[in-house]
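This is a predicted model, so every value here is computed, not measured. Just so it is clear: chains get the letters A, B, ... in the order the sequence lines come, proteins before strands, and each one is counted from 1.
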There are 2 protein chains.
Amino acid sequence: MPKQKEYTLKGLSERELLELADLFKMFADSTRIKILYDLFDGEKNVTEICEDIEMNQSAVSHQLRALKTAKLIKSRRDGKSVMYSLDDDHVKTIIEMGKEHIEE
Amino acid sequence: MPKQKEYTLKGLSERELLELADLFKMFADSTRIKILYDLFDGEKNVTEICEDIEMNQSAVSHQLRALKTAKLIKSRRDGKSVMYSLDDDHVKTIIEMGKEHIEE
DNA sequence: TATTCATATGAAAAGTTGTTCATGTGTTTC
DNA sequence: GAAACACATGAACAACTTTTCATATGAATA
């Protein structure tokens, strides 16, 4: 039996297109952009991030989890703290491209 | 009277952060990614786009308007048709960066 | 000018998302 | 081991998005 013809758009499968959209969803919220941008400096714990971006701890934790699931950041425990840092080289490039667009 | 201290995260104002998020929202939906990706080939009219991405005309028109408002695409009328094309050099780069991330 | 083709648009429904609140878990310190 | 500190999590609500349906507008053609 022949395999069901799957929709693709010039080599991109429906599944890959959805993954792409999910990835960009991570950049589609200003709280998450603040977190990512804050981590440009390097590793920080949750309390530091909360102070830097002026958001409460619960909201930040929820967004950190989303960013981690999307593999944009990683974490390690350090005593009572959990340290977060960027986990993808493309994050900076993507945000920089965005900045260039809005600065035109 | 001193100006009210405005929140900024390392030089990015709250306003710019919201603009950035709004920009990335445009990439955060697979229908819009399909449209943008489809336009990598060059100018196309609405009917062509609908066929390529297999979506109905109304849904596509709504998304075309969003992309145009965000200045990612531009349009010109050609007889009965309206031709759409990319209006930002960064669009390809941003999508390519996204592809690289998910392909890891 | 009536009809047809191409596109745009408004309203409504269904789904998704972000924040808050309350509370739970893990780690250190006393 | 009790208290304090740091972080995570589930539920609930409000706000926002995307698609569909119906219909409107605009341009070409008979």
Below 3.5 Å between N/O atoms, which protein atoms pair up with nucleotides 6-8 of chain C? Just atom names and distances, please.
| unit_1 | atom_1 | unit_2 | atom_2 | d |
| --- | --- | --- | --- | --- |
| C:dT7 | OP1 | B:V46 | N | 3.2 |
| C:dT7 | OP1 | B:V82 | N | 3.2 |
| C:dT7 | OP2 | B:T47 | N | 2.9 |
| C:dT7 | OP2 | B:T47 | OG1 | 2.3 |
| C:dA8 | OP1 | B:Y84 | OH | 2.6 |
| C:dA8 | OP2 | B:S61 | OG | 2.9 |
| C:dA8 | N7 | B:Q57 | NE2 | 2.8 |
| C:dA8 | N6 | B:Q57 | OE1 | 3.3 |

Tell me, do [X] and [Y] make a side-chain contact under 4.5 Å, heavy atoms counted?
| X | Y | answer |
| --- | --- | --- |
| B:S75 | B:K68 | yes |
| B:D38 | A:L9 | yes |
| B:T8 | B:E14 | no |
| A:H101 | A:M97 | no |

Checklist entry - When the C1' atoms of the five terminal pairs at each end define the local axes, what inter-axis angle does the helix from C:dT1-D:dA30 to C:dC30-D:dG1 show, to 10 degrees? => result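 The value is 10°.
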Item to check | Listed once per pair and sorted, the side chain to side chain donor-acceptor pair (under 3.5 Å) pairs that draw on residues 76-86 of chain B, sequence neighbours left out | outcome: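 Non-adjacent pairs meeting side chain to side chain donor-acceptor pair (under 3.5 Å): B:E43-B:R76.
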Whole-Å distance separating the [atom1] atom of [X] from the [atom2] atom of [N]:
| X | N | atom1 | atom2 | answer |
| --- | --- | --- | --- | --- |
| B:L18 | D:dC16 | CG | C1' | 14 Å |
| A:M55 | D:dC7 | CE | P | 16 Å |
| B:R76 | D:dA27 | CZ | P | 15 Å |

Next on the checklist: According to salt bridge (charged side-chain N to carboxylate O under 4.0 Å, His left out), does anything in residues 94-104 of chain A pair up with another residue at least two apart or in another chain? List the pairs.
Outcome noted: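 Qualifying pairs: none.
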Next on the checklist: Is A:H62 stacked against the base of D:dT9, taking the criterion as centroid distance under 5.5 angstrom and interplanar angle under 30°?
Outcome noted: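 Stacked: centres under 5.5 Å apart, planes under 30°.
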Checklist entry - Just wondering, are more than 12 heavy atoms of other shown residues or ligands nearer than 6.0 Å to CG in A:D41? => result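 More than 12 within 6.0 Å, yes.
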Checklist entry - Out of A:L86, A:V91, A:D88, which residue meets the side chain to side chain contact (heavy atoms under 4.5 Å, CB included) rule with A:I73? => result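 Checked A:L86, A:V91, A:D88 against A:I73; only one passes side chain to side chain contact (heavy atoms under 4.5 Å, CB included): A:L86.
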Next on the checklist: Does anything in residues 22-34 of chain A come within less than 4.0 Å of DNA chain D? Heavy atoms only, and list the residues if so.
Outcome noted: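 Here the set is empty: none.
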Next on the checklist: What's the separation between atom CD1 in A:I102 and atom CG in B:L20, rounded to the nearest 0.5 Å?
Outcome noted: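 It is 4.0 Å, given to the nearest 0.5 Å.
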Next on the checklist: What I want to check is whether the side chains of B:S61 and B:Q57 have a donor and an acceptor closer together than 3.5 Å.
Outcome noted: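 Yes, a side-chain donor-acceptor pair sits under 3.5 Å.
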Next on the checklist: With a 4.0 Å cutoff (strictly under), does any side-chain N or O of A:Q63 reach OP1 or OP2 of C:dT17?
Outcome noted: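 Answer is no, no contact under 4.0 Å.
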Checklist entry - Counting just side-chain N and O atoms, does B:N56 come under 4.0 Å of either OP1 or OP2 of D:dT20? => result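 For D:dT20, OP1/OP2 do have a side-chain N/O of B:N56 under 4.0 Å.
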Item to check | Summary of ring-ring contact (aromatic ring centres under 6.0 Å, His included) pairs that have at least one residue in residues 19-72 of chain A, sequence neighbours excluded | outcome: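 For residues 19-72 of chain A, and leaving out neighbouring residues, the ring-ring contact (aromatic ring centres under 6.0 Å, His included) pairs sorted by first residue read A:F24-B:F27, A:F27-B:F24, A:Y37-A:F40.
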